[in-house]
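Every chain is numbered from 1 and lettered A, B, ... according to where its sequence line falls, protein lines coming before strand lines.
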2 protein chains.
Amino acid sequence: MKSFDLADYLPYRLAALSERISRRLALEYGQSHGLSMAEWRVLVHLSRHSEVSVGEICTYVNLEKPRVSRAVARLESAGLVNKYNAKDDHRLVAISLTDKGTDALKEIIAAALAYEKRLTAALTPKDMERLLEIAEKLHGVLDKDPLSMPRPEIDRN
Amino acid sequence: MKSFDLADYLPYRLAALSERISRRLALEYGQSHGLSMAEWRVLVHLSRHSEVSVGEICTYVNLEKPRVSRAVARLESAGLVNKYNAKDDHRLVAISLTDKGTDALKEIIAAALAYEKRLTAALTPKDMERLLEIAEKLHGVLDKDPLSMPRPEIDRN
DNA sequence: TCAATATCATTTCGTTTGCAACGAACGAAA
DNA sequence: TTTCGTTCGTTGCAAACGAAATGATATTGA
C-alpha cells in the first residue's frame, strides 16, 4: 500500500484552512446579526448591485440557486431586503437592500474587514501577492478540466 | 457605505478555491466507489492506523463525531472496514480495513495522488513551499484567537 | 466498595442542503 | 396567434448535517 498522509495532501490542507477561517468569520455575521453564510454573501453582493435577480446573485456569490432563493426569503422577512418583480421581465425578481439592511451591512462589513486585517497582518505584501498568484495557477488547472465545476465568475483573474 | 468586494476578500477566495478543488476531487472517490468525503477521509486514516477508535479518527481527519460514526457504519455495511469492541476499553471501538477496503483504497489513493499531481504540476517547488508557509502563518493567527476552532491535530506544521 | 463523575459511540431531533420537478413568464418560429 | 422550447424562481423531497441527549463503560474519590 502506497503511503498516503492526509496532512500532506494539498486539497485537504486547503480545505482545513479554509474551513477554519470560514467558521471563525461566520461568528462575525452569525452571532451579531443572526445571518448564515449565504445571507451574508447575498447582502455583500447587494452592497454593490441593486435590483438584481436571484440568478445574478448566484453566479456572483458562488452558491446554488435554491440556497440563494431561501437566503433572500429569510432576509426579506427579516426586513433587510426588498423583493419586487422586475419591470421588464416578470420571470426575474429585483432584490435590493432596505435601509435597515444597509445599516446592518455597514456593521458587518466593518467587522469582516477587521477580521481580514488580522489575518493579512500576518502576511507580507509579497506573501499576499504570491498567494493570489498560486491560487490563480490552481484555478488554471481546473479551468482546463472538463469535470471540474466552472470557475466562479467573481474569481476570474 | 464602504466598498466591499467579495472577489477581493481573502476568506472568500480561499473558500471558493478550496471548494472547487474538493468538489472535483470528490468525483474521484465518489463516482468510482460511491464514497462521501467523510468516508474517504476515514479510509485514508485507516491506511496508516489500525484498530483505531471513532474519536481518534475525528481528531485526525477533522470531522465531527456523528459524521465519522455514520461514515464508519456505511463503510462497514459496504464491507470495507471491520468494527470490533476494543479489548481493554469497551467504550471504544476498534476499526480496521478489510481486504476489500485495502483494495479499494489502493485504487482511490492512486487516483487522488494523480489528481494532486495535476494540481501541483502547475506550481513550482518554491510555490508549494510558500503556500505551506503562508498557510502556516494564517493558522498562527487563528491559533491565538480564542474564538477560533482548535487547529486540526493533523495540521500542526 | 460504592456512588459520583467522566468519557466514548451512537442516536435523536430539528435544520439545512441540493437535486429534480414544477409553474410562470419569455422568445422564437410557424 | 399559437405552439414549442427555454429560462426564471420556488418548492418537494430525501439525504446529510451537527448539537444535544442517551446509554454503556471507566475512572475517580470517599
Side-chain angles (χ1 to χ4, degrees), chain A residues 15 19-20 22-24 26-27 29-31 34-42 45-46 51-78 81-96 149-150 152, chain B residues 15 19-20 22-24 26-27 29-31 34-42 45-46 49 51-78 81-96 149-150 152-153:
Chain A
E19 197 200 336
R20 201 170 176 220
S22 288
R23 282 164 85 115
R24 176 59 183 83
L27 297 180
Y29 48 72
Q31 297 194 329
L35 299 179
S36 71
M37 189 196 66
E39 289 153 9
W40 141 258
R41 287 194 188 176
V42 168
H45 181 63
L46 292 176
E51 314 284 320
V52 290
S53 67
V54 168
E56 183 191 324
I57 299 178
C58 281
T59 64
Y60 195 81
V61 307
N62 197 24
L63 293 173
E64 319 292 330
K65 209 163 14 169
R67 210 155 154 204
V68 170
S69 178
R70 291 189 251 245
V72 168
R74 281 189 298 258
L75 288 171
E76 188 189 22
S77 69
V81 308
N82 284 325
K83 198 171 75 172
Y84 306 110
N85 287 349
K87 290 273 187 291
D88 45 338
D89 188 335
H90 277 234
R91 292 171 305 179
L92 279 69
V93 99
I95 304 160
S96 299
M149 72 189 228
Chain B
E19 196 199 337
R20 200 170 177 220
S22 288
R23 282 165 85 115
R24 174 61 183 82
L27 297 179
Y29 48 73
Q31 296 193 331
L35 299 179
S36 70
M37 189 195 65
E39 288 152 10
W40 141 258
R41 287 193 187 177
V42 168
H45 181 63
L46 292 176
H49 303 84
E51 315 285 321
V52 290
S53 68
V54 168
E56 183 191 322
I57 298 178
C58 280
T59 65
Y60 196 81
V61 307
N62 198 24
L63 294 173
E64 317 293 330
K65 208 159 22 165
R67 210 153 152 206
V68 170
S69 178
R70 291 188 252 246
V72 168
R74 281 188 299 258
L75 289 172
E76 187 188 22
S77 70
V81 307
N82 284 325
K83 197 171 74 172
Y84 307 110
N85 287 349
K87 290 273 187 292
D88 45 339
D89 188 335
H90 278 235
R91 292 171 304 179
L92 279 69
V93 99
I95 304 160
S96 299
M149 73 189 229
E153 265 314 311

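Nearest heavy atoms, V81(B) versus V72(B): CG2-O, 4.0 Å. Scanning both residues, V68(B) and C58(B), for their nearest heavy atoms gives CG2-SG, 3.7 Å.
Spacing between atom CZ of R91(A) and atom P of dT6(D) amounts to 13 Å, rounded to whole angstrom units. Nucleotide dT12(C) holds its P atom 20 Å from the CD atom of E64(B), rounded to whole Å. When rounded to the nearest whole Å, the span between CG of L35(A) and P of dT15(C) equals 18 Å. Between the NZ atom of K87(A) and the C1' atom of dC26(C) there is a distance of 18 Å, given to the nearest Å. Atom CG of N85(A) is separated from atom C1' of dG9(D) by 10 Å (rounded to the nearest Å). Atom CE in M37(A) sits about 8 Å away from atom P in dT17(C), given to the nearest Å. Rounded to an integer number of Å, the gap from CZ of R23(B) to P of dT17(C) is 13 Å. Atom CG in L63(A) sits roughly 9 Å away from atom P in dT17(C) (whole-Å rounding).
Each of D89(A) and A38(A) lies near DNA chain C, and the nucleotide nearest A38(A) is the one positioned closer to the 5' end. Heavy-atom distances to DNA chain D give each of E56(A) and H90(B) a nearest nucleotide, and the one nearer the 5′ end belongs to E56(A).
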### Query
Once each nucleotide of nucleotides 10-16 of chain D is scored for protein heavy atoms under 4.0 Å, what B/S/- sequence comes out, 5' to 3'?
BBB----
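Under the salt bridge (Lys or Arg N to Asp or Glu O under 4.0 Å) criterion, R20(B) pairs with D143(A), not counting sequence neighbours.
Among the heavy atoms of the strands lying under 4.0 Å from D88(A) are primed sugar atoms or P, OP1, OP2 only; no base atom is included.
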### Message
Please evaluate residues E76(A) and I95(A) with respect to the criterion side-chain contact (heavy atoms from CB on, under 4.5 Å), reporting the C-alpha separation (whole Å), side-chain torsions for both, the decisive distance (0.1 Å), and the verdict.
### Response
CA-CA 9 Å; E76(A) 188 189 22; I95(A) 304 160; over 6 Å; no
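The structure places CG of L92(A) at 13.0 Å from NZ of K87(A), a figure rounded to the nearest 0.5 Å.
In this structure the side chain of N62(B) reaches within 4.5 angstrom of the side chain of M149(B), judged on heavy atoms. Under the 4.5 Å side-chain criterion, counting only non-hydrogen atoms from C-beta, L75(A) is in contact with L35(A). Considering only heavy atoms from C-beta on, R41(A) stays 4.5 Å or farther from H45(A) through its side chain.
Ring planes of Y29(B) and W40(B): parallel class, angle under 30° (limits at 30 and 60°).
When the local axes at the two ends of the helix from dT1(C)-dA30(D) to dA30(C)-dT1(D) are compared, using 5 base pairs at each end, they differ in direction by 10° after rounding to 10°.
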